[in-house]
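Note that the coordinates shown come from a computational prediction; the quantities given were computed from them, not determined experimentally. Just so you know, residue 1 is the first one in the sequence shown, and it goes up from there. Whatever order the structure lists ligands and atoms in, that order sets their numbers, starting from 1. Basis for what follows: all heavy atoms, side chains included, without hydrogens, waters or symmetry-related copies.
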Amino acid sequence: MKKILSVLLLLALVMSMFAGCAAKVEAPVEEDVVIEEPAAETLVVGVSLPTQREERWVRDKVAMEAYAAEMGIELKVQVADADQAQQAQQVENLLTQGIDVLILAPHDASASAELIKKANAEGVKVISYDRLVTGTHLLDYYLSFDNEKVGALQGNYFVENAQPGNIMLFAGAPTDNNASLFFAGAMSVIQPKIDDGTYTVLGGSDFTQVATDNWVPANAQNRASNILTANPDATISGVLAPNDGTAGGIIEAFKAAKVVLPVITGQDSEIAAIKRIKGGDQSMTIFKDTRELAKAAIDMAISIYAGETVATNGLVDNGVFEVPSVLLEPKVVTQGNFQEMLINSGYIQESDLN
Ligand code: GAL
């Protein structure tokens with residue numbers, strides 16, 4: 001029995017040795033072993049734009065998407081059709097989906113304070129993009145152009161080029177904080193010329209009288225038609241139009257009334273406006289390089305996410321506090337410099353103007 005047992009033991013020992021060998025041979029070779037690295041977290045940026053009706057907002061979107069892709073950032077873009085309820089819904093969706101930073105160009109400046117509150121409750125920092133959100137101390141940053149300067153540049157062009165006489169004034173949407181900044185900037189130059197009798201305003205000069213609901217060109221066109229109809233014998237020497245869209249509508253009204261086109265301002269350097277400038281129908285526009293603004297917004301989101309201090313160059317009052325701001329420079333575009341300013345810089349193509 002003892003003998004049998006010891007033979008069995010030896011057998012087991014030998015087998016286990018072989019088993020050990022076999023195990024060693026069968027062990028996966030080293031290159032088959034994949035050691036999982038924890039995935040680097042991708043920054044997710046939510047973008048809420050108010051509209052795509054004006055060409056400039058299409059450009060902002062395209063530029064943001066291109067630069068975010070280049071930087072390896074996930075961008076979730078939502079566009080509201082100039083509708084506050086829709087924008088509110090979209091921002092809530094973005095917050096639910098989980099974003100790290102929100103870039104918000106508000107349709108309605110004051111109603112959007114509520115959206116900042118919601119983002120803040122989720123710990124999401126907000127960059128107010130191009131248009132300022134007013135009435136909240138929870139806003140983190142404002143990134144735009146110097147909008148009073150936009151108006152002052154329009155105003156300077158106006159007083160330097162419009163002959164003494166009758167003028168018309170237009171402003172943008174009352175819900176857009178930019179509209180009052182543009183108007184204030186322009187009137188800082190034009191009002192003294194009204195006060196000294198150089199210009200006579202037809203159709204009113206208070207912001208509320210001259211504002212254009214939702215920036216809709218047809219609204220400006222209708223108001224211009226009405227003023228022309230009410231003043232059939234008046235020659236108009238200048239029209240302050242806040243942007244290219246409204247300028248286009250006003251020019252249509254003048255053409256329909258078959259009266260001589262006045263000096264007329266604009267803003268945004270839209271292709272249609274550059275065609276009008278080239279052809280002499282519109283006098284000037286403003287160039288705000290949306291490629292730069294879009295890039296600055298993404299760079300700002302990256303800095304915020306990294307916990308870095310964001311470099312700012314100004315403070316803008318939103319009615320509650322001075323918001324740390326980055327303001328880019330607007331430039332005047334005329335028949336004399338659109339080639340250099342817009343075509344040579346690649347903002348628009350020569351072929352776009354055919
Ligand atoms: C403003 C913007 C302008 C113009 C306008 C209409 O807020 O600064 O560039 O596009 O809205 O959308």
Does the residue R53 have a heavy-atom contact with ligand 1, meaning some pair of atoms that are separated by less than 4.0 Å? no
What protein heavy atom sits nearest [atom], and how far off is it?
atom                   : result
atom 5 (C) of ligand 1 : W215 CE2, 3.5 Å
atom 4 (C) of ligand 1 : D268 OD2, 3.4 Å
atom 2 (C) of ligand 1 : D130 OD2, 3.3 Å

Taking the side chain as every heavy atom from C-beta outward, state whether D213 and P174 have any atom pair closer than 4.5 Å.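 In contact.
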Any side-chain heavy atom of I190 within less than 4.5 Å of one from M187? yes
Which one of K288, E270, H107, Q52 has a non-hydrogen atom at the shortest distance from atom 3 (C) of ligand 1? K288
Short N/O distance, under 3.5 Å, between R56 and ligand 1?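 N/O-N/O distance under 3.5 Å: yes.
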With nothing but distance in play, are any N or O atoms of W57 less than 3.5 Å from an N or O of ligand 1? yes
Which of Q84, R131, H107 passes side chain to side chain donor-acceptor pair (under 3.5 Å) with S112? It is Q84
Pick out which of N243, D268, T51, D130 makes a side chain to side chain donor-acceptor pair (under 3.5 Å) with R56.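 Of N243, D268, T51, D130, side chain to side chain donor-acceptor pair (under 3.5 Å) with R56 is met by D130 alone.
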Would you call E65 and K61 a salt bridge, taking side-chain N to carboxylate O under 4.0 Å as the test?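 Yes.
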One thing to verify: whether D352 and K275 come together as a salt bridge, which I'm taking to mean a side-chain N less than 4.0 angstrom from a carboxylate O.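 The answer is no: the pair does not qualify as a salt bridge.
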Step through the shown structure and confirm whether more than 12 heavy atoms of other residues, nucleotides or ligands are within 6.0 Å of CD on Q163.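 Open: at most 12 neighbouring heavy atoms sit under 6.0 Å from CD of Q163.
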State the atoms of ligand 1, each with its element, that fall below the 4.0 Å cut-off from a heavy-atom position in [X].
X    : result
F182 : 8 (O)
N178 : 1 (C), 2 (C), 7 (O), 8 (O)
D176 : 1 (C), 7 (O), 11 (O)
R131 : 1 (C), 5 (C), 6 (C), 7 (O), 11 (O), 12 (O)

